[in-house]
*Asks:* 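One structure, as structure tokens, below. Some questions next.
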There are 2 protein chains.
Amino acid sequence: MYAEHTGDPDRAAAPHQDDAWPADAPHPCESWPDNGRTVRETLDRIGDKWSVLVIGILSRGPLRFSALQQRVPGISQRMLTLTLRHLERDGVVSRTVYAEVPPRVEYQLTPLGESLRTIVHALAQWVTDHHEEIESARRRYDAG
Amino acid sequence: MYAEHTGDPDRAAAPHQDDAWPADAPHPCESWPDNGRTVRETLDRIGDKWSVLVIGILSRGPLRFSALQQRVPGISQRMLTLTLRHLERDGVVSRTVYAEVPPRVEYQLTPLGESLRTIVHALAQWVTDHHEEIESARRRYDAG
DNA sequence: CTGAATCCCTATGGATACTG
DNA sequence: CAGTATCCATAGGGATTCAG
């Protein structure tokens with residue numbers, strides 16, 4: 001679409017722009033021209049350093065704080081707290097306090113959080129599947 | 001669901017742990033005990049502020065630098081450059097330079113990048129679908 | 001047009017110590 | 001156990017300037 005400019009009149013077969021995606025599903029990726037900010041803001045939440053991991057773990061069922069911390073390898077207690085607060089604020093995770101002698105707090109996904117399970121799952125699967133490929137790509141890039 | 005607790009020796013019906021996920025698919029979310037770091041490192045790449053947006057846009061076809069910048073709302077030139085370099089390094093995006101009078105550079109997803117399309121798409125869809133829900137959850141949280 | 005380089009501020013996040 | 005509070009280091013990222 002962006003004309004020929006300068007020298008060459010060619011390049012008409014550019015496979016891009018508003019066509020494409022023949023038999024595929026419609027989706028919001030086309031170009032988030034203004035919507036972008038919204039997408040970004042929401043993405044930021046689950047796009048931070050730990051949210052996806054925490055959601056992934058919680059996708060298997062409720063867990064208390066300490067159990068969560070054990071299952072998310074390198075996370076600090078501070079970061080786990082912050083991450084959980086954020087997720088709670090966004091309605092992705094719910095927090096239940098039990099007034100017991102040694103305090104017990106359980107976290108679990110809300111329905112909204114559950115709706116993320118498939119995606120987080122897919123993400124984890126993708127990373128697992130392609131992690132080697134990425135590693136080698138990096139080596140190749142750093143070398144050449 | 002989670003029993004009465006307090007002075008209870010019970011809580012055996014906890015819906016968590018290594019069972020669950022009956023008829024669902026197996027996945028790497030179970031607990032990334034050691035794998036976690038790997039997942040994190042890879043996730044960091046696409047989990048940064050812009051990668052998902054850029055991948056989403058590129059999922060529709062190759063684009064040159066300026067076109068990309070236009071389509072990703074708030075991104076600065078610096079951040080677009082950095083994001084593209086990272087994605088290129090990870091083998092998700094390829095960069096093609098055309099030796100023309102005014103330099104032209106086109107970016108497009110590699111096969112590896114293409115394999116991310118479905119997920120990014122799903123993510124964008126999810127955000128679009130639930131963004132309002134999240135907004136209201138935030139308001140509720142901030143209020144209460 | 002594409003992008004490297006610089007400046008500089010802020011958010012992120014780790015370590016540690018302290019509480020109910 | 002489940003946090004909160006501090007201190008502090010660094011990465012993220014915006015604005016601006018310079019260059020091929």
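Values in this document were obtained by computation on a predicted structure and should not be read as measured data. Labels below follow one simple rule: chain letters A, B, ... track the order of the sequence lines, proteins then strands, and each chain is numbered from 1.
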*Asks:* Quick check: does any side chain N or O of A/Thr42 sit under 3.5 Å from a backbone N or O of B/His131, one acting as donor and the other as acceptor?
*Replies:*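 No, because the side chain of A/Thr42 does not come within donor-acceptor range (under 3.5 Å) of the backbone of B/His131.
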*Asks:* Would you mind reading off the distance between B/Asp48 atom CG and C/dA11 atom P, rounded to a whole angstrom?
*Replies:*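 Checked: the CG to P distance equals 18 Å.
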*Asks:* Nearest-Å distance, CG (A/Leu53) to P (C/dT12)?
*Replies:*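 Rounded to the whole Å, the gap is 17 Å.
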*Asks:* For B/Arg78 and for A/Pro103, find the nucleotide of DNA chain D with the closest heavy atom, then tell me which residue's nucleotide is more 5'.
*Replies:*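 Looking at the nearest nucleotide for each, A/Pro103 comes out on the 5' side.
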*Asks:* Any donor-acceptor pair under 3.5 Å linking the side chain of A/Arg40 with the backbone of B/Lys49?
*Replies:*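 Yes, A/Arg40 side chain to B/Lys49 backbone: donor-acceptor pair under 3.5 Å.
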*Asks:* Looking at B/Pro103 and B/Arg64, what are the two nearest heavy atoms and their distance?
*Replies:*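 For B/Pro103 versus B/Arg64, the nearest heavy atoms are O-NH2, 3.8 Å.
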*Asks:* Distance under 4.0 Å to a non-hydrogen atom of chain B counts as contact; along DNA chain D, which nucleotides mark the start and end?
*Replies:*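 From 5' to 3', the first and last contacting nucleotides are D/dG13 to D/dG20.
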*Asks:* Kindly determine whether A/Leu53 and A/Ile75 satisfy side chain to side chain contact (heavy atoms under 4.5 Å, CB included), including the steps that lead there.
*Replies:* CA-CA 10 Å; A/Leu53 284 303; A/Ile75 197 169; over 6 Å; no
*Asks:* Judged by atom type as modelled, is there a donor-acceptor pair below 3.5 Å linking the side chain of B/Ser51 to the main-chain atoms of B/Gly47?
*Replies:*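 Answer holds: no.
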*Asks:* Starting from the 5' end of DNA chain D, give me the residue, B/Ile75 or A/Thr81, whose nearest nucleotide shows up first.
*Replies:*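 Whichever sits nearer the 5' end wins; that is A/Thr81.
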*Asks:* At how many degrees, to 10°, do the end axes of the helix from C/dC1-D/dG20 to C/dG20-D/dC1 meet when each uses five pairs?
*Replies:*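 The end-segment axes of the helix from C/dC1-D/dG20 to C/dG20-D/dC1 are tilted 40° relative to each other.
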*Asks:* How close do B/Arg85 and B/Tyr107 get, heavy atom to heavy atom, and via which atoms?
*Replies:*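 Result for this residue pair: NH1-OH, 3.5 Å.
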*Asks:* Roughly how many Å is it from CD1 in A/Ile46 to P in C/dT12, rounded to a whole number?
*Replies:*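 Between P of C/dT12 and CD1 of A/Ile46: 15 Å.
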*Asks:* So A/Leu43 and B/Trp50, side chain to side chain contact (heavy atoms under 4.5 Å, CB included) or not? Walk me through it.
*Replies:* CA-CA 9 Å; A/Leu43 229 46; B/Trp50 303 105; over 6 Å; no
*Asks:* Any base atoms under 4.0 Å from B/Tyr98, or only sugar-phosphate, or nothing? Heavy atoms, all strands.
*Replies:*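 No contact at all - B/Tyr98 keeps every heavy atom at 4.0 Å or more from the nucleic acid.
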*Asks:* Membership question, hydrophobic clusters at under 4.5 Å side-chain separation (ILVMFWY): are B/Val101 and B/Tyr98 in the same one?
*Replies:*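 They do not share one cluster, since no chain of ILVMFWY contacts under 4.5 Å joins B/Tyr98 to B/Val101.
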*Asks:* Could you tell me the separation between the OH atom of B/Tyr107 and the P atom of C/dT2, rounded to a whole number of Å?
*Replies:*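 Going from OH in B/Tyr107 over to P in C/dT2 covers 8 Å.
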*Asks:* Ignoring the backbone of A/Trp50, work out which of C/dG3, C/dG14, C/dC1 is nearest its side chain.
*Replies:*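 The nucleotide sitting nearest to the side chain is C/dG14.
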*Asks:* Would you say B/Ser59's side chain and B/Arg117's backbone share a donor-acceptor pair under 3.5 angstrom?
*Replies:*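 Not confirmed, B/Ser59 side chain does not pair with B/Arg117 backbone.
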*Asks:* I want to check one thing: is the phosphate of C/dT2, taken as OP1 and OP2, less than 4.0 Å away from some side-chain N or O of B/Arg104?
*Replies:*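 For C/dT2, OP1/OP2 do not have a side-chain N/O of B/Arg104 under 4.0 Å.
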*Asks:* When you measure from the side-chain N and O atoms of B/Lys49 to the phosphate of C/dA11, is any distance below 4.0 Å, counting only OP1 and OP2?
*Replies:*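 Answer no for this pair, as no side-chain N or O of B/Lys49 is under 4.0 Å from OP1 or OP2.
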*Asks:* Starting at the 5' end of DNA chain C and moving along, which residue's nearest nucleotide shows up first, A/Met79 or B/Gln77?
*Replies:*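 Its nucleotide being nearer the 5' end, the pick is B/Gln77.
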*Asks:* Expressed as a whole number of angstroms, how long is the span from A/His86:NE2 to C/dT12:P?
*Replies:*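 Rounded to whole Å, this separation is 7 Å.
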*Asks:* Please determine if a side-chain N or O atom of B/Arg85 lies less than 4.0 Å away from the OP1 or OP2 oxygen of C/dA4.
*Replies:*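 Answer is yes, contact under 4.0 Å.
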